[in-house]
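Here the structure comes first, spelled out in structure tokens, and everything after it is commentary.
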2 protein chains.
Amino acid sequence: MANGSKDPKQILTARDVAQLMGVSTSMISRAFNPDASISPAMRKRIIEASAALGYRPNVIARSLSTRSSKIVAIIVGTLENPFYAQVLEKLSRELQLAGYQSLLFNLAPGQDVDSQLPFLVQYNVDAVVIVSASISAGIANDWTRSGRKVILFNRTLPDASIPSVCCDNFTGAKLAVDHFVQTGRRRLAFAAGRRDTSTNAERELGFISRLAELGKPFAAKADNPHCSFQDGYNAALKLAADKPDAIFFANDVMALGGIEAIRKELGLTVPDDIAVIGFDDIPMAAWPTYSLTTIRQPLDAMVESAVDLVSDQSGADELKVVHPVQLVERASTKATSDEKVP
Amino acid sequence: MANGSKDPKQILTARDVAQLMGVSTSMISRAFNPDASISPAMRKRIIEASAALGYRPNVIARSLSTRSSKIVAIIVGTLENPFYAQVLEKLSRELQLAGYQSLLFNLAPGQDVDSQLPFLVQYNVDAVVIVSASISAGIANDWTRSGRKVILFNRTLPDASIPSVCCDNFTGAKLAVDHFVQTGRRRLAFAAGRRDTSTNAERELGFISRLAELGKPFAAKADNPHCSFQDGYNAALKLAADKPDAIFFANDVMALGGIEAIRKELGLTVPDDIAVIGFDDIPMAAWPTYSLTTIRQPLDAMVESAVDLVSDQSGADELKVVHPVQLVERASTKATSDEKVP
DNA sequence: CTGAAAGCGCTAACAG
DNA sequence: CTGTTAGCGCTTTCAG
């Protein structure tokens, strides 16, 4: 019972360590603060003692003082699209490496970012990264004005000066058209994603404008609310009415759904009857059954840019980073029958 | 320039609101605290004024006082398996609904939980949910003893008294065996996952013991370090040497890889030549190409249990929740040729 | 039911 | 370089 020395709260504070070492608490604070004036010897002593005692500065208390929490909020929608699961994983990992922790906010289907932001202010987050969701320009500007960082990932907002990192969707779509044309396709169709996202709008614009540049006809287009596998499946069926010999899907998940529909429902083959190109290059695109030609987003580079923006002290606004894309050719667009996907 | 009233820091504190309303800061604190003694009228007035002014209590400051942050840490490994992406999504969403925020910790491939835990203590997290990763009994006990909650999701730790939520892996595996046997399969093989996880060990045990109960022979078994698509692919090839007519994979992702190998590499069909069962019931299992029979984990119920454990005040330790599983029959085990997966 | 006062654990001037 | 003194914004006794 009578545990003589201390109450059993088990967890040390800076003052405990200070008393134990016979120094002031400021000293122990400084020891953990890279650019504080403290003698190397003292710092070493403190760090070592802390390690031995198992003391670690309380981040909560620290952020109350500094008004900077070293935590960044990541706002994501559903993770059912593996691409976003990858984004989240890499982003949070890289942020960790850069010394940040990630507070995860899941947007329920109907929810919009704007309504969630006020919530975040309570957490003193240093930045919020919005992955593939939209935010209204007004709110975004309010936030950046109040000294907080907002970074869009995979979206841009033309009329607001918030930093964003994207890939070159426009060029990506053009690459798809060119590849179709080079491999002899004539009737190109497009399975669009949600109309209200910059990403999809850019892909659609790239597709259509390139087709126009080449003087090629445009077979058909289908719109899709959710960008899901099922949407891709349905889109392929709808587009089939116009007899396309190639379909560009706004993302890989939709393309996989499309391939399923082409095979199972229409009884056609890919790529012989219909060639298919997707966008993202998710791991599944490489699976033999699909072997999907796609436009690869340079995810690592994009994540790196995002982390740079988060940790950037320069306060440079209006930073819109655009990464180049690359077409990855697989069987879903090859015409030679020995390589075709059955 | 001369913005008379206040400095432009934009963000209100309890004291600001208190002064504006001519009450004490304690009052505004109480207004936001459900079980504090305050007159309903006063509370109403304060809540309304706060809403109008855009004031929200600062969570950081609050958790410094209360030593409870209303944030829970979720520790996950890779999200490349869609099942875990789903877990993360649902878990964080439900926690949000229950008033918690999720701090996400990504374990790099080599990293173990033990080394990360000390890190978490800094954040005053109310609980940590460890998803599909292992933790040593010693550390786990230390944590629970120091008043913090640790909850294992999809793992158990027999020799430690930490709460966990799992599905009935053992029975699930038995169901798979029974289903194979009932549909006339004779040479059953098992593609195991990592040996060092309770989940996989239970599945393996269930499979083998049921086979023994039935007096059936055991065709073959392959071990796999990563439980990935590629692992499943390789496992199928290795197991093929023993000519099984049915393979049970430790999870769906592996099963999908196995199906690919069976079709593309071995030139056999599913289910005619080899029937396949997976585990988890990820969305892809239902895709027509795979139409994978699988053991469904009741994810919603499991997440609900986890949230209950997090918010449970009863302090009841030694809570190991096990949810029943269910076999979902699809084409990968049907023998009738009109339904077979070509 | 309400106000005053004393912290939570840390950082940030300010002296020495 | 080091110690002292105030807070960060909120909660929580303790009086009244």
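Chain letters run A, B, ... following the sequence lines, proteins first, then strands; residues in each count from 1.
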*Output yes when at least one side-chain N/O atom of T13(B) is less than 4.0 Å from OP1 or OP2 of dG9(D), else no.*
no
*Please report the C-alpha distance between K44(B) and E48(B) in whole Å, then the side-chain angles of each, then the deciding distance to 0.1 Å, and finally whether the salt bridge (charged side-chain N to carboxylate O under 4.0 Å, His left out) criterion is met.*
CA-CA 6 Å; K44(B) 184 160 178 291; E48(B) 281 171 355; 3.1 Å; yes
*When the distance from CD1 of I60(A) to P of dT11(C) is rounded to whole Å, what number comes out?*
13 Å
*Assess whether salt bridge (charged side-chain N to carboxylate O under 4.0 Å, His left out) is satisfied between K90(B) and D300(B), documenting all intermediate values.*
CA-CA 8 Å; K90(B) 299 208 179 202; D300(B) 289 332; 2.8 Å; yes
*Using heavy atoms to find the nearest nucleotide of DNA chain D for R30(B) and V23(A) separately, return the residue whose nucleotide is more 5′.*
V23(A)
*asked:* Regarding dA4(C), can its base be found pairing with the side chain of S26(B) as donor and acceptor, where the two atoms are less than 3.5 Å apart?
replied: yes
*What do you reckon, are the aromatic ring centroids of Y84(A) and F153(A) less than 6.0 Å apart?*
no
*Give the nucleotide from the list dC8(C), dT11(C), dT2(D) with an atom nearest to the side chain of T25(A).*
dT11(C)
_N or O in side chain of S39(A) less than 4.0 angstrom from dT2(D) OP1/OP2_ = yes
*Report yes if at least one side-chain N or O of S24(A) is closer than 4.0 Å to OP1 or OP2 of dG3(D); otherwise report no.*
yes
*In whole angstrom, what separates L64(B)'s CG from dC8(C)'s C1'?*
4 Å
*Is there a side-chain polar atom (N or O) of S65(B) under 4.0 Å from OP1 or OP2 of dC10(D)?*
no
_Any base atoms under 4.0 Å from Y55(B), or only sugar-phosphate, or nothing? Heavy atoms, all strands._
sugar-phosphate
*Will you find, in the side chains of T199(B) and N154(B), an N or O donor that is under 3.5 Å from an N or O acceptor?*
no
*asked:* Looking at R56(A) and G54(A), would you say the former's side chain and the latter's main chain have a donor-acceptor pair under 3.5 Å?
replied: no
_Output the rounded distance in Å from CG (N33(B)) to P (dT2(C))._
15 Å
*asked:* Rounded to whole Å, please give me the gap between CD in Q122(B) and C1' in dC8(C).
replied: 17 Å
*Quick one: is Y123(B) getting a side-chain N or O under 4.0 Å of the dG9(C) phosphate, OP1 or OP2?*
no
*Using atom CD1 of I11(B) as one end and atom C1' of dG9(D) as the other, report the distance to the nearest whole Å.*
10 Å
_Residue whose nearest DNA chain C nucleotide is more 5′ - G22(B) or A14(A)_ = G22(B)
*Would you mind reading off the distance between M42(A) atom CE and dG3(D) atom C1', rounded to a whole angstrom?*
12 Å
_Given dT2(C), dT12(D), dC8(C), the nucleotide with the shortest approach to the side chain of R15(A)_ = dC8(C)
*Protein-nucleotide distance (Q19(A), atom CD; dG9(C), atom P), rounded to Å*: 12 Å
_If the cut-off is 4.0 Å, is R67(A) near the phosphate of dC8(D), judged by side-chain N/O to OP1 or OP2?_
no
